[in-house]
Amino acid sequence: MRMIFIGPPGAGKGTQATALVQRYGIPHISTGDMLRAAVAAKTELGVKVEAVMNSGQLVGDDLMVGLVKERIAAPDAAKGFLLDGFPRTVPQAKALTDAGVQLDVVLLLEVPDDLLASRVTGRRKDPETGTIYHLQFDPPSADIAHRLVQRDDDTEVKVRERLGAYHAQTAPIVPIYEEAGLLLRIDGVGSPSEVAGRIGAALDRHTNR
Ligand code: AP5
C-alpha cells in the first residue's frame with residue numbers, strides 16, 4: 001500500500017497515521033519529523049533548513065525530493081509507505097510521478113482553518129515516547145505533563161504562515177490526484193476516533209471497488 005496523507009497544519013495527519021501504518025504494516029514517512037530530527041542533531045541538512053522551518057515557509061523542492069527518494073528506496077518501504085507531508089508542492093508531486101512511484105491512494109484530511117490554530121497551539125509531544133497530546137482535546141496524565149515539549153513552529157503567528165503556504169503551494173496538488181482517481185476526501189472534524197472510522201470506511205470502499 002503506497003499512500004499519501006495531505007492536509008493543512010494540525011489537521012490530524014500524524015495522529016491518524018499511527019493506526020494506518022499498523023493496519024498496513026508500512027513505515028510512516030513524515031518529512032516534518034525527518035527535518036526536525038536533522039535540526040535537533042545539527043546535521044548539515046538540519047542547519048540548512050532550520051530557519052525556513054521556523055519561519056513557517058516550505059523547504060526547497062530539490063532538497064525535499066532528494067530526501068524522500070532516498071527514504072522510499074530503503075528496504076522497509078519496499079512493500080509500501082505512508083507519506084505524511086510530501087508532496088507539498090506541484091513540482092514535488094511531479095517528481096514523484098516522474099520517478100515512477102505508483103500510488104494506491106491519497107487521503108485529504110479536510111478541517112476548516114478556524115479550527116486549526118487551537119489544534120496546533122495546544123499540541124505537545126512527549127520526547128520519551130514520541131506520543132502527541134493536546135492540552136485540551138487529548139490531555140496528558142499529570143505525571144508526564146512536566147516533560148512535554150512544544151514545537152518551535154506551533155505558535156499563532158507561525159500557524160498563519162504555515163496555513164498560507166498550505167493554501168498557496170499545497171492545495172494545488174489536490175486536483176492532480178483527484179483527476180488520477182486516487183483522492184479520498186475525509187472530513188477531519190470530530191474526535192480522533194470518529195475521523196479514524198471515516199478513514200477506515202473510505203479505504204475499505206476504495207480497495208473493494
Ligand atoms: P510538518 O511536520 O509536516 O507539519 P504540518 O504539515 O504543518 O502538519 P502538523 O504536523 O502541524 O499537523 P498534523 O496534521 O500532523 O497534526 P497532528 O496529528 O499532530 O511540517 C513542518 C515544516 O517542515 C513545514 O512547515 C516545512 O517548513 C517543512 N516541510 C515538511 N515537509 C516538507 C515538504 N514536503 N516540502 C517543504 N517543506 C516541508 O494534530 C495536531 C494536534 O491536534 C495534536 O495536538 C492532536 O492531538 C490534535 N488532534 C488531532 N486530531 C484531532 C481531532 N480530531 N480533534 C481534536 N484534536 C485533534
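Counting convention: from 1, in listed order, for ligands and their atoms alike. Below, each value reflects all heavy atoms present in this structure, side chains not excepted, and no hydrogens, waters or symmetry copies.
- A salt bridge links Asp204 with Arg23: at least one charged nitrogen is closer than 4.0 Å to a carboxylate oxygen.
- Residues Leu163 and Pro8 have side chains in contact (heavy-atom distance under 4.5 Å, counting atoms from C-beta outward).
- Per-residue contacts place Thr31 under 4.0 angstrom from the following atoms of ligand 1 (heavy atoms of the residue considered): 30 (C), 31 (N), 32 (C), 34 (N).
- Proximity of a side-chain donor or acceptor of Glu194 to a complementary backbone N or O of Gly190 within less than 3.5 Å is not detected.
- By the criterion of a heavy-atom distance under 4.0 Å, the backbone of Tyr133, and not its side chain, is placed next to ligand 1.
- Checked against a 3.5 angstrom limit, the closest N/O atoms of Phe137 and ligand 1 fall outside it.
- Proximity of Ser191 to ligand 1, defined as any heavy-atom pair under 4.0 Å, is confined to the backbone N, CA, C and O atoms.
- Heavy-atom separations between Gln16 and ligand 1 are all 4.0 Å or longer.
- Counting heavy atoms under 4.0 Å from ligand 1, residue Arg151 touches it through the side chain alone.
- Proximity of Val120 to ligand 1, defined as any heavy-atom pair under 4.0 Å, is not found for any part of the residue.
- With a heavy-atom cut-off of 4.0 Å, Arg119 touches ligand 1 through backbone and side chain alike.
- Using a non-hydrogen distance threshold of 4.0 Å, Ile132 registers as a contact of ligand 1.
- Each of the following atoms of ligand 1 lies closer than 4.0 Å to a heavy atom of Thr15: 17 (P), 18 (O), 39 (O), 45 (C), 49 (C).
- Below 4.0 Å from some heavy atom of Gly14 lie the following atoms of ligand 1, by number and element: 13 (P), 15 (O), 18 (O).
- Remark: Asp76 engages Arg71 in a salt bridge, criterion side-chain N to carboxylate O under 4.0 Å.
- The Met53 neighbourhood of ligand 1 comprises atoms 22 (C), 23 (O), 27 (O), with distances under 4.0 Å to a heavy atom of that residue.
- Contact atoms of ligand 1 toward Arg36: 2 (O), 21 (C) (distance under 4.0 Å to a heavy atom of the residue).
- Partner of Glu178 under the side chain to side chain contact (heavy atoms under 4.5 Å, CB included) criterion, chosen from Val106, Leu108, Leu183: Leu183.
- Side-chain contact between Arg162 and Val120 is present, with heavy atoms from C-beta onward closer than 4.5 Å.
- The option with the heavy atom closest to atom 1 (P) of ligand 1, from among Arg88, Lys13, Lys125, Lys158, is Arg88.
- In summary, Asp154 and Arg123 engage in a salt bridge, as defined by a charged side-chain N under 4.0 Å from a carboxylate O.
- Atoms of ligand 1 lying under 4.0 Å from any heavy atom of Gln92, numbered from 1 in the order shown and given with element: 33 (C), 34 (N), 35 (N), 36 (C).
- Considering only heavy atoms from C-beta on, Ile29 stays 4.5 Å or farther from Val68 through its side chain.
- Distances between N or O atoms of Asp138 and those of ligand 1 include no value under 3.5 Å.
- Inspection of the Thr89 and Asp61 side chains reveals an N or O donor paired with an N or O acceptor under 3.5 Å.
- The heavy atom nearest to atom 40 (C) of ligand 1, considering only Arg124, Arg123, Arg162, is found in Arg123.
- Under the 4.0 angstrom criterion for non-hydrogen atoms, Gly190 is in contact with ligand 1.
- Between Ala11 and ligand 1, a contact under 3.5 Å exists for at least one N or O pair.
- Annotation: side chain of Leu20 is in contact with side chain of Leu203 (closest heavy-atom distance under 4.5 Å).
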As a quick check of understanding, evaluate side-chain hydrogen bond (donor to acceptor under 3.5 Å, both in side chains) for His28 and Asp33, giving each step before the final call. CA-CA 10 Å; His28 174 204; Asp33 285 349; 5.0 Å; no
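- Listed by atom number, the atoms of ligand 1 under 4.0 Å from Gly85 heavy atoms are 31 (N), 32 (C), 33 (C), 34 (N).
- Proximity of Thr155 to Thr121: side-chain heavy atoms (C-beta onward) are nowhere separated by under 4.5 Å.
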